[in-house]
Amino acid sequence: MAGYQFNDIEKKWQQYWEENEAFKASLDTTKPKYYSLDMFPYPSGAGLHVGHPLGYIASDIISRYKRINGFNVLHPMGFDAFGLPAEQYAIQTGQHPAITTEQNIKRYKEQLKNIGFSFDWEKQVETCDPNYYKWTQWIFSKLFDSWYNYDTAKAEHIDSLIAVFKKSGNTSVNAECGEEVIDFSAEDWKVFDEKQQSDILLQYRLTYLAETSVNWCPELGTVLSNDEVKDGFSERGGYPVIRKNMMQWSMRITAYAERLLEGLERIDWPEPLRDMQRNWIGKSIGAEVTFKAGEVDIPVFTTRLDTIYGVTYLAVAPESDFVDQLTTSDQKEVVKEYVAVAKNRSERDRMSDVKNISGVFLGSYAEHPFTGEQVQVWVADYVLSGYGTGAVMAVPSGDQRDYDFAKHFDLPIIPVYDNQNIKEQADPRKDGKLINSGILNGFTYSEAIKKATDYIEEKNIGTAKINYRIRDAIFARQRYWGEPVPIYFDNGIPKLVDSNDLPVVLPEVDKYLPTEDGDPPLGRAEDFTYTPSGSTESYPLELSTMPGWAGSSWYWFRYMEANNDNEFVSKDAQEYWQAVDLYIGGSEHATGHLLYSRFWCKFLYDMGLVQEDEPFKKLINQGMIQGRSNFVYRINGTNTFVSHNLRKEHKCTRMHVDVNIVYNDELDLNAFKVWRPDLKDSEFILEDGKYHCGVEVEKMSKSKYNVVSPDDIVSKYGADTLRLYEMFLGPLEQFKPWNTNGIDGVYKFLRKMWNLFHDDNELLNISEEKATKEELKSIHKTIKKVQEDIERYSFNTPVSAFMICVNELTTLKCNKREVLEPLTMIVSPYAPHIAEELWKLLGHEGGVTNADFPSFDEAYLKEDAHEYPISINGKMRVKIKFPFDMPKSEIEKEVLESEAVQKWTEGKTPKKVIIIPNKIVNIVV
RNA sequence: GCCGGGAUGGUGGAAUUGGUAGACACGUCAGACUUAAAAUCUGAUGACCUUUGGUCGUGCGGGUUCAAUUCCCGCUCCUGGUACCA
C-alpha cells in the first residue's frame with residue numbers, strides 16, 4: 001500500500017502548522033510587511049461551498065509566496081457575523097442568533113482549516129463580539145462628534161464648529177450639512193435653548209438623526225440603504241420595498257463624495273469596479289440658475305447651461321413644495337389628483353412605467369432669466385425629488401425626455417445649435433454654433449457655458465455648481481441582530497453614551513419581533529436604559545441597531561491587533577501594517593462595503609487615527625463559481641418522471657434535483673427515491689435505459705440543490721488537489737460554472753510529483769548527483785515562469801508550468817536533490833501539504849514555510865541555437881536553426897542562400913528582409 | 001438607453017511587448033502491460049483537400065502592417081452594473 005496518501009499528510013501538516021504557530025504575524029519591523037486580506041464571509045447555515053475558497057486560495061498562494069520571499073505576512077480571517085439570516089432563523093425557532101452564529105462559525109472554521117489556509121487564527125475577529133463592536137460603536141461616536149469642513153477639506157471635531165457658532169454664527173461656515181439649516185448669528189446661537197442647538201448641530205454631524213425618505217421593507221420590518229435595494233426589491237429575501245418618510249440615523253458620506261472620487265485615481269483596482277463607484281457617486285458639473293415665478297424662486301440644476309435659450313417650460317417633482325406654491329386655483333383639482341396618483345405609485349411601478357408620459361400644468365408661469373419670457377410650470381413624475389432641486393428647466397430640443405414631454409403636450413421646441421436635427425427626436429449634440437440664443441449666438445459650446453455662467457453670477461441669479469448622485473447612507477435597522485447604537489435620549493435630545501461605558505451590549509429579548517407599538521425588537525428588552533456617570537437618572541437608549549456594513553467598514557484595522565482592549569488598534573501596529581496590500585473579494589460589494597470602508601478610512605485618517613486614507617491598495621475581484629443545476633421533469637399530476645429528451649411528448653413541470661445524486665447528468669434512480677419521502681414511489685420513463693437530467697448554469701444556492709461542498713472534494717482527492725484545481729479552472733476574475741471534469745489531471749500531477757521522490761518500493765530515493773543541463777533548464781524555466789506569473793497575479797498559468805516540469809522530470813527520470821528541492825519550494829504555495837511532506841523527505845527541518853524561494857539562473861535558459869521561423873510574404877514556410885546571438889547580417893545571408901528559401905522565392909531578390917533577433921525572419925519578395 | 005467585461009478546437013483554457021494560434025489539462029481514439037478490470041505508460045486528436053504536400057481557421061464585415069487572437073473603424077450575440085440623475 002501507500003503512494004500519495006493525502007489524508008495522512010494533510011492532517012499531519014495542518015496540526016504541525018497549528019502547534020508551531022507557523023503563520024503568526026508578529027510586529028517584526030526587521031522585515032518588510034505584506035498584508036493580504038480576504039473579504040470575510042457571513043457564516044450562513046449552509047456552510048462553505050466550492051465558490052467560497054476560490055479567492056481565499058488565491059490570497060493564500062500570494063501569502064505563502066510572499067513569506068518565502070522574505071516578507072512578514074499578515075493573512076487573517078474572521079466573520080461578518082451580524083446579519084439577517086440568523087435573525088430570521090431566530091424569529092422562526094426562537095433560538096438566539098448568537099447560538100446559531102457561533103455554530104456556523106465553528107463549521108466554517110473547520111472547513112477552512114481542512115483546506116490548509118495559512119491564516120493567523122489568533123487574529124480572528126467576529127463583528128458580533130462585544131469586544132469588537134465596542135470599537136464599532138466608538139467609531140460611530142467619533143463620527144457623531146464630527147462635522148465636515150470644506151474650507152479645510154476634512155472632518156473636524158464638533159467643538160470647533162460650536163466655537164465658530166459662538167463667535168460668528170453659521171453664515172461663514174462652509175460645511176456639509178442638512179437642507180433645513182437656517183442662517184443665524186452668534187447672538188442667535190447664544191439664545192437658542194439646548195434642544196434648538198442640538199437640532200442645528202445634528203444638521204452638521206457626520207452621523208445624524210433626520211427625517212428622510214427611506215427604503216422601507218414591510219416584510220423585513222426595517223429600512224434599507226440604496227445598495228441593499230435591487231430593482232425595487234430587497235437584496236436579502238427579495239421582498240418589495242417602498243419609499244417612506246421616517247426619522248432615521250444617517251451617515252454623511254456625501255461630504256466625502258469628491259475625495260472618494262479622487263482617491264480612485266490612486267488605487268490599483270479593476271477599472272470596471274472603479275467605474276461602478278464613479279457612477280454611484282455620479283458627479284455632474286453644471287450650474288444652478290433661478291427662475292422667478294412671481295414671489296416664488298425656482299432654482300434648477302442643469303449640466304447644459306448653454307441650452308438655456310431652448311427652455312420652453314419648467315417641470316417640478318410631484319413631491320416638491322413648488323407644487324403647492326405654484327398651483328393656481330383653477331388647476332387645483334387636476335393637480336391634486338395627479339400628485340396623489342404619482343405619490344401612491346410604488347418605486348417599482350414608477351420604474352417599470354418609464355414610457356408613459358404624464359404631467360399636469362400648474363397654472364403658473366415663470367420668468368426666463370435671460371429672455372424675460374413667461375414659460376409654463378408643470379408637475380411631472382419624470383422629475384425626481386431626490387436629485388438636484390426637485391425642479392428642472394426643460395430643453396426639448398436637447399433632451400429626449402423633455403422632447404417627448406413637449407411633443408405629448410404640444411409645448412414649443414426651440415433648436416439652439418445650427419446643426420441640430422430635431423425632426424424625429426432631441427439632438428443633444430454640442431459641436432455646432434449657437435442660434436436663437438440672444439447673447440450666446442454664434443458661440444461654441446464651451447464658450448457659451450462660460451459666458452452664460454458669468455452672466456448668471458453677475459446678475460446674481462445663479463452659480464456654477466457640482467451635483468452628486470450619491471445619497472447619505474441610512475445607518476439604522478429596525479432589527480435585533482446588529483450593533484446597538486451608542487445613543488441615549490435626554491428629553492428627546494440624542495446624546496452619546498460616554499466612551500468609558502462602551503460597549504452598549506445587545507440586550508436579551510423574549511422575541512425577535514417588533515413590539516406591539518411598532519418599536520424595533522430592542523424595545524422588548526427590560527430596562528434598556530443608560531445612566532451617565534455622576535447622574536442618578538437613567539435615560540432610554542436608541543432602539544435601532546446598526547446596518548450590516550457597520551462592522552465590515554473597519555475590520556481590516558482590527559486584524560492588526562484583534563485583542564487590544566485599550567484601542568481599536570495601536571499606533572505601532574497601525575503604522576507598521578498600514579494599508580492592505582492585496583484585497584480579494586467579489587465585485588458585488590462595489591457600491592456597498594467597498595465604498596463605506598473607504599469613507600470610514602478617510603474619516604479615521606482625518607481624525608489622525610490612521611496613516612493611510614485608502615484602505616485597499618490593490619484589489620482583485622474573483623469571479624463567481626456558478627452552480628450547474630440538474631433538472632427532472634414530472635408529468636403533471638403524476639409521480640412519473642420523464643427523461644430530458646422525451647419531455648416534450650408530455651405535459652410536465654421542471655424540478656431541481658440534488659446534483660449529488662446525478663452523475664454525468666444521469667440520475668441515480670435509487671438515490672432519487674430516497675432523496676425525499678414523497679418521491680419514494682416515483683416511476684420513470686427512460687431513454688436508452690437511462691434517465692438524463694436537464695442542465696443549467698445558475699448561482700449556487702441551497703434552494704437550487706446545486707451546492708457542491710469543498711469537503712467532498714477534499715475527502716476524495718485531498719486539499720492540495722482542490723486548491724490546484726480551483727486555480728486551474730481558469731482566470732481568477734472570470735465567472736465559471738463548477739465542474740470536476742478535469743480534476744483527475746490535477747490529481748495525477750500530484751501523484752506524479754510524489755513519484756519523483758519514490759521508487760517502485762515506495763522508498764525515498766534522492767540522488768545527490770549533479771543535475772544535467774537539461775534537468776536544470778527544465779527547473780529554472782519553471783521557476784522563472786511561476787515567479788513572473790504570481791507577481792502579475794495570474795494564478796492559473798503556474799499550474800500548467802508545474803505540470804510541464806513534472807512531466808519533463810519524469811521523462812528524464814530525474815531524482816536529483818538539486819532539482820527536486822526548488823521544485824518542492826515553488827509548488828508549496830499551491831499545494832502546501834505535499835510540499836511540506838516532500839521537504840521533510842529531502843531532509844529539511846522547520847518546514848518549507850521558512851525556506852527561500854529559489855532564484856533562477858538566466859544561464860540555464862539560454863539556448864545554444866534558436867530555431868527561426870522564416871516567413872515569406874507573411875506566410876510561415878520553413879524553420880532554420882542559427883546559433884544564439886548570431887549577427888543579423890549573417891543570418892540574412894544564410895537564410896537567403898538556403899535551399900528551402902530559394903524554393904519559395906524562386907530565385908528572385910527579396911524586396912525586404914526583416915530579422916528580429918532570436919525570434920523571426922521575414923522575407924518580402 | 002448609458003457605462004463596463006467578454007466571444008479562441010468536442011470541453012476548460014494558453015499565447016505576458018503585434019512575431020510559429022491552440023501550451024497545459026479533460027474527453028475521444030489507437031496501442032502496451034493485465035486472465036480481466038482499475039491504475040499506469042506510449043501515440044494520435046482544429047477543419048478541409050488531390051495527404052512525403054497544401055488550403056482555411058481566434059463571433060461577423062472592413063482597415064493598418066512584412067506580420068493581427070492582439071491595434072483602428074463598423075456590426076452581432078452573451079454577460080455585469082446602472083437608470084426618467086436634468
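In what follows, chains are A, B, ... by sequence order, proteins preceding strands, each numbered from 1. Values in this document were obtained by computation on a predicted structure and should not be read as measured data.
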Can a side chain N or O of [X] be found less than 4.0 Å away from OP1 or OP2 on [N]?
X      : N     : value
A/S871 : B/U20 : no
A/Y387 : B/A86 : yes
A/R278 : B/G4  : no
A/Q400 : B/A86 : no

Using atom P of each nucleotide, how far apart are B/A47 and B/A36 to the nearest Å?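 33 Å, rounded to whole Å.
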In whole angstrom, give me the gap between the P atoms of B/C26 and B/U42.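 It works out to 12 Å between them.
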Starting the side chain at C-beta, find the nucleotide from B/C24, B/G19, B/A14 nearest to A/P731.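 The closest nucleotide is B/A14.
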Only one of A/I804, A/V806, A/I826 forms a side chain to side chain contact (heavy atoms under 4.5 Å, CB included) with A/T782, so which one is it?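 Output: one option passes, namely A/I826.
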Using the purine O4'-C1'-N9-C4 or pyrimidine O4'-C1'-N1-C2 torsion, is B/G22 syn (within 90° of 0) or anti?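 The base of B/G22 is oriented anti (glycosidic angle more than 90° from 0).
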With the 90 degree cut-off around zero defining syn, does B/U51 come out syn or anti?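 Syn conformation here, the glycosidic angle of B/U51 being no more than 90° from 0.
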For the residue pair A/K879 and A/Y868, establish whether any side-chain heavy-atom pair is separated by less than 4.5 Å.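 When only atoms from C-beta onward are counted, A/Y868 and A/K879 do not touch, as no gap falls below 4.5 Å.
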Within the 4.0 Å heavy-atom criterion, would you say A/V392 contacts the bases, only the backbone, or no part of the nucleic acid?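 Base, at least one base atom sits under 4.0 Å.
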